[in-house]
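First comes the structure, then the notes that go with it.
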Amino acid sequence: MPPDHPAFGQLVPCPCKEQERTERRLSRFQRLGHLGGLRRLTFETLLPEGLYDDPELRQRFRLAYRVAQEFAAAPEGWLVFSGVSGCGKTHLAAAIANRLLEAGASVWFVVVPDLLDHLRATFGPQSKIAYDELFETVRAAPVLVLDDLGTQSNTPWAQEKLFQLINARYNDRRPTVFTTNVPLMHLGERLRMRLTDPSLSRVLVLVPPTAPSLERLGNLDLAGLREMTFDTFKVRDPGWDAETQANLRNALQLARAFADHPDGWLVFQGRFGCGKTHLAVAIARQRRAAGEKVFFVVVPDLLDYLRATFAPDSPVTFDALFEDVRTVPLLILDDLGTQSSTPWAQEKLYQLVNYRYNAALPTVFTTSHALEDLDGRLASRMIDQRLSKVFNIIAPDYRGGRPVAPSRRSRG
């Protein structure tokens, strides 16, 4: 540059270096906002009428499915999917994101507590991303999907940063998808007013909040669970090797033995779709047919129902429901490890598990996590060989895949 130029004497990156820096920055952002294992959640793998048999709930899901497809084809405004855990909210949101990615669009998918963790981490000395840079990237994303709104810790800082982000996208009218299992009336007024603004947002309640009860929580008659019996459990496949088939036969034998004489704890580990839930449901069916009181529940659903007891109009108190759950003769906790790890959730789950541990009450767990990745207080009780039997199912996902090696904690 000539001496009189403002940039004279300054170091300026060359175009190739600037492009390299931009690509590195984009790569870091993509790692924070990518879909990861949710790439399998597409419209093609989603039941258009959902998993429930209730005609009203099926109608609600059909509408949500159609609206989600329309949004994916032409993103505009906001979509809010509300309902209990497991009703299909995240699948719908991920299907939108995957369809947009297939079309070459730029989309950010992020779980709200994870986003806040990433924003906090930018203040650390080792962070390679500045807070302002990350916040602006999320704020200005062409399409943003915020999953699990309401599960974040409600510190003043978290509340303020989340509101700033949502308010900025509200003012800019940027396409955004939200999922939440918290009734909108329980969100802060500032968020609720924006999420329910009819000029921008469409709210789709997949499963309305209802009063908690053991009967509803322990429902084994959902369409996806009806056929899960010991007789329908698959132990062989032409594509499976001898080790995998032997492993499944052992798992079936272990489950049958437990169903005949429930004693102690039984823990099934394995990847999604390997048959853990099938065996757990089969155990529940056999014990229920024998006249025993059984409580089968997905762990995030259980925590949702426990939270719902604090609502002013709840006909069931927290203490009454919690006591029923922890003292039931046979408790089956499905998908342990998929719940939100808030301090409240961790503490209540520990109290429940610890009570059943001390009382040596028959309990079945299923988890896709290695036990060492769970809350250490839970894991230490689940591996106690005086009470618990841990079995690792190495079969692949029934949708396809390769067998996986047993966990270090497997006792199968």
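These numbers come from the heavy atoms of this one structure, side chains and all, not from hydrogens, waters or symmetry mates.
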Parallel, tilted or perpendicular, judged at 30° and 60°: which one describes the rings of Tyr65 and Phe43? perpendicular
Any idea how Trp265 and Tyr357 line up, ring-wise: parallel (<30°), tilted (30 to 60°), or perpendicular (>60°)? perpendicular
Could you tell me whether the side chain of [X] and the main chain of [Y] form a donor-acceptor pair under 3.5 Å?
{"X": "Arg356", "Y": "Pro362", "value": "yes"}
{"X": "Lys276", "Y": "Ile393", "value": "no"}
{"X": "Thr180", "Y": "Phe178", "value": "no"}
{"X": "Arg173", "Y": "Leu200", "value": "no"}
{"X": "Arg169", "Y": "Ala141", "value": "yes"}
{"X": "Gln269", "Y": "His369", "value": "yes"}
{"X": "Asp334", "Y": "Phe296", "value": "no"}
{"X": "Arg236", "Y": "Gln245", "value": "no"}
{"X": "Arg287", "Y": "Ala259", "value": "yes"}
{"X": "Asn181", "Y": "Gly150", "value": "no"}

Rounded at 0.5 Å granularity, tell me how far [atom1] in [X] sits from [atom2] in [Y].
{"X": "Leu333", "Y": "Thr363", "atom1": "CG", "atom2": "OG1", "answer": "7.0 Å"}
{"X": "Arg202", "Y": "Leu79", "atom1": "CZ", "atom2": "CG", "answer": "8.0 Å"}
{"X": "Phe109", "Y": "Thr179", "atom1": "CZ", "atom2": "OG1", "answer": "6.5 Å"}
{"X": "Leu63", "Y": "Glu49", "atom1": "CG", "atom2": "CD", "answer": "12.5 Å"}
{"X": "Leu134", "Y": "Leu119", "atom1": "CG", "atom2": "CG", "answer": "5.0 Å"}
{"X": "Trp108", "Y": "Leu144", "atom1": "CH2", "atom2": "CG", "answer": "8.5 Å"}

Would a 4.5 Å heavy-atom cut-off, applied to side chains only, mark [X] and [Y] as touching?
{"X": "Trp240", "Y": "Leu248", "answer": "yes"}
{"X": "Tyr355", "Y": "Thr327", "answer": "yes"}
{"X": "Val203", "Y": "Trp78", "answer": "no"}
{"X": "Cys274", "Y": "Phe268", "answer": "no"}
{"X": "Asp375", "Y": "Leu349", "answer": "no"}
{"X": "Gln164", "Y": "Phe135", "answer": "yes"}
{"X": "Gln351", "Y": "Asn354", "answer": "no"}
{"X": "Leu184", "Y": "Val205", "answer": "no"}

Under a plain distance cut-off of 3.5 Å, with no hydrogens placed, do [Y] and [X] share a side-chain donor-acceptor pair?
{"X": "Arg381", "Y": "Tyr350", "result": "yes"}
{"X": "Thr244", "Y": "Asn247", "result": "no"}
{"X": "Ser199", "Y": "Asp197", "result": "yes"}
{"X": "Arg194", "Y": "Asn167", "result": "yes"}

When you look at CD of Glu76, are more than 12 heavy atoms from neighbouring residues, nucleotides or ligands closer to it than 6.0 Å?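 Not more than 12 within 6.0 Å, no.
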In terms of heavy-atom contacts, does CD of Gln59 have more than 12 from other residues, nucleotides or ligands at under 6.0 Å?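 Counting neighbours around CD of Gln59, 12 or fewer heavy atoms of other residues, nucleotides or ligands fall under 6.0 Å, so no.
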What do the steps show when you test Phe61 against Leu92 for side chain to side chain contact (heavy atoms under 4.5 Å, CB included), and what is the final call? CA-CA 10 Å; Phe61 200 88; Leu92 284 167; 4.1 Å; yes
With a cut-off of under 6.0 Å to the ring centre and 45° to the axis, is Arg40 in cation-pi contact with Phe272?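 The answer is yes, since Arg40 meets both limits relative to Phe272.
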Counterpart residues, side chain to side chain contact (heavy atoms under 4.5 Å, CB included), relative to Pro113 (two or more places apart):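 Once residues adjacent in sequence are excluded, the partners of Pro113 under the side chain to side chain contact (heavy atoms under 4.5 Å, CB included) criterion are Val111, Thr151, Gln152.
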Contacts of type side chain to side chain contact (heavy atoms under 4.5 Å, CB included), residue Thr45, not counting sequence neighbours: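 Thr45: side chain to side chain contact (heavy atoms under 4.5 Å, CB included) contacts with Thr42, His91.
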What do the steps show when you test Glu102 against Arg39 for salt bridge (Lys or Arg N to Asp or Glu O under 4.0 Å), and what is the final call? CA-CA 11 Å; Glu102 290 171 4; Arg39 289 305 300 268; 5.6 Å; no
Taking the basic N atoms (NZ, or NE/NH1/NH2) and the acidic carboxylate oxygens, is any pair closer than 4.0 Å for Asp231 and Arg256?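 Arg256 and Asp231: salt-bridged.
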Closest approach of [X] to [Y] (non-hydrogen atoms, all atoms of both residues):
{"X": "Arg249", "Y": "Val235", "answer": "CG-CB, 4.2 Å"}
{"X": "Ser201", "Y": "Val80", "answer": "OG-CG2, 3.5 Å"}
{"X": "Asp335", "Y": "Thr338", "answer": "O-OG1, 2.8 Å"}
{"X": "Ile96", "Y": "Ala68", "answer": "CG1-O, 3.6 Å"}
{"X": "Val207", "Y": "Cys87", "answer": "CG2-CB, 3.6 Å"}
{"X": "Ser106", "Y": "Pro142", "answer": "O-CB, 3.6 Å"}

When you look at Arg377 and Glu347, which way does the salt bridge (Lys or Arg N to Asp or Glu O under 4.0 Å) test go after all the steps? CA-CA 10 Å; Arg377 298 176 299 176; Glu347 192 58 31; 3.3 Å; yes
Intermediate values then yes/no, side chain to side chain contact (heavy atoms under 4.5 Å, CB included), Phe258 and Leu279: CA-CA 11 Å; Phe258 187 92; Leu279 290 173; over 6 Å; no
Start with the C-alpha gap between Gln339 and Gln346, add the side-chain angles, then the distance that decides, and say whether side chain to side chain contact (heavy atoms under 4.5 Å, CB included) holds. CA-CA 9 Å; Gln339 71 278 356; Gln346 289 178 319; over 6 Å; no
List the steps and the verdict of side chain to side chain contact (heavy atoms under 4.5 Å, CB included) for Leu336 and Val353. CA-CA 11 Å; Leu336 180 65; Val353 171; 5.9 Å; no
